[in-house]
Each structure stands twice: as structure tokens, then as C-alpha cells.
Amino acid sequence: LCVDFPVDDASTYLAGTEDGLVHRCSCSYNEQYLETYAGHAGPVYKIRCSPYWPKAFLSCSADWTVRLWSQKKPDAAHVFHS
């Protein structure tokens, strides 16, 4: 499990999971996810929110990919392969 907080929104956080999903969660509502981002085929090891574009974040996984996401879309904007 990995976690990062967007710079512009202290009420939400992003969590990467062992099953390859990234969840956007609320600090106030712990019963449900605000959004789920699917695309990785392995555990998500790291999430990093952009300090320059508040709605963008990167995730890296055991599937040897790094994905660029926008919080506004459920699919990755770009996939980097190693």
C-alpha cells in the first residue's frame, strides 16, 4: 500500500493497492472510494501527486510501467514502459 496527498486538496488522498488499483479516497468518508483508477497488472508500489498540476499523478507498478493519470479521467493519460 502506498499513499500520497494532492497539494491542492487536504481532504483527499490517493492509495495504491496490491491488486493494481489506485483509489482516490476522502479523509472524511472512509466507507467508500471517490474514484478508482484501473490499469496496472501488478501491485502499485508508488504514487506521486504533481506539485505543478494539482489533478495529475504518477503511479508505478510491479508490471514495469509508470502511468500518468488525471483525476478527472478513469484511464491513464500515458503509459511509460521499461
Side-chain angles (χ1 to χ4, degrees):
L1 181 67
C2 55
V3 176
D4 200 12
F5 294 85
V7 294
D8 70 330
D9 186 3
S11 66
T12 64
Y13 61 94
L14 296 163
T17 66
E18 289 287 320
D19 55 355
L21 300 174
V22 176
H23 299 293
R24 186 167 61 92
C25 306
S26 171
C27 294
S28 301
Y29 304 106
N30 59 4
E31 297 290 325
Q32 61 189 8
Y33 306 122
L34 300 175
E35 187 77 46
T36 297
Y37 307 94
H40 286 294
V44 177
Y45 289 144
K46 188 73 173 178
I47 295 177
R48 182 64 65 198
C49 295
S50 172
Y52 306 109
W53 184 24
K55 298 299 180 194
F57 65 95
L58 292 171
S59 62
C60 68
S61 169
D63 66 4
W64 294 88
T65 64
V66 174
R67 294 176 186 261
L68 172 64
W69 305 85
S70 169
Q71 290 184 32
K72 298 178 181 183
K73 297 183 179 183
D75 298 318
H78 192 76
V79 180
F80 303 92
H81 299 274
S82 68

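- For the residue pair C49 and P6, the shortest heavy atom distance occurs at SG-N, 3.7 Å.
- Y37 places no side-chain N or O within 3.5 Å of a backbone atom of R24 that could act as its donor or acceptor partner.
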Side-chain donor-acceptor distances from residues 7-16 under 3.5 Å, at least two apart:
| unit_1 | atom_1 | unit_2 | atom_2 | d |
| --- | --- | --- | --- | --- |
| D9 | OD1 | S11 | N | 3.1 |
| D9 | OD1 | S11 | OG | 2.6 |
| D9 | OD2 | T12 | OG1 | 3.0 |

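- Every residue meeting the side-chain hydrogen bond (donor to acceptor under 3.5 Å, both in side chains) condition with T17, not counting sequence neighbours, appears here in chain and number order: D19.
- Taking T36 as the reference, H23 meet the side-chain hydrogen bond (donor to acceptor under 3.5 Å, both in side chains) condition, with sequence neighbours excluded.
- Interatomic distance, C25 SG to E31 CD, rounded to the nearest 0.5 Å: 12.0 Å.
- With sequence neighbours excluded, no residue forms a ring pair (Phe, Tyr, Trp, His ring centres under 6.0 Å) with Y29.
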Could you go through residues 53-70 and list every donor-acceptor pair under 3.5 Å that involves a side-chain atom there, pairing it with any protein atom two or more places apart or in another chain?
| unit_1 | atom_1 | unit_2 | atom_2 | d |
| --- | --- | --- | --- | --- |
| S59 | OG | H40 | NE2 | 2.7 |
| S59 | OG | W69 | NE1 | 2.7 |
| S61 | OG | G42 | O | 3.1 |
| S61 | OG | P43 | O | 2.9 |
| S61 | OG | D63 | N | 3.2 |
| S61 | OG | D63 | OD1 | 3.3 |
| D63 | OD1 | H40 | ND1 | 3.4 |
| D63 | OD1 | T65 | N | 3.1 |
| D63 | OD1 | T65 | OG1 | 2.6 |
| D63 | OD2 | H40 | ND1 | 3.3 |
| D63 | OD2 | A41 | N | 2.8 |
| D63 | OD2 | T65 | OG1 | 3.3 |
| T65 | OG1 | H40 | ND1 | 3.2 |
| R67 | NE | H40 | ND1 | 3.4 |
| R67 | NH2 | G39 | O | 3.0 |
| S70 | OG | K72 | N | 3.2 |

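- Under the ring pair (Phe, Tyr, Trp, His ring centres under 6.0 Å) criterion, H78 pairs with F80, not counting sequence neighbours.
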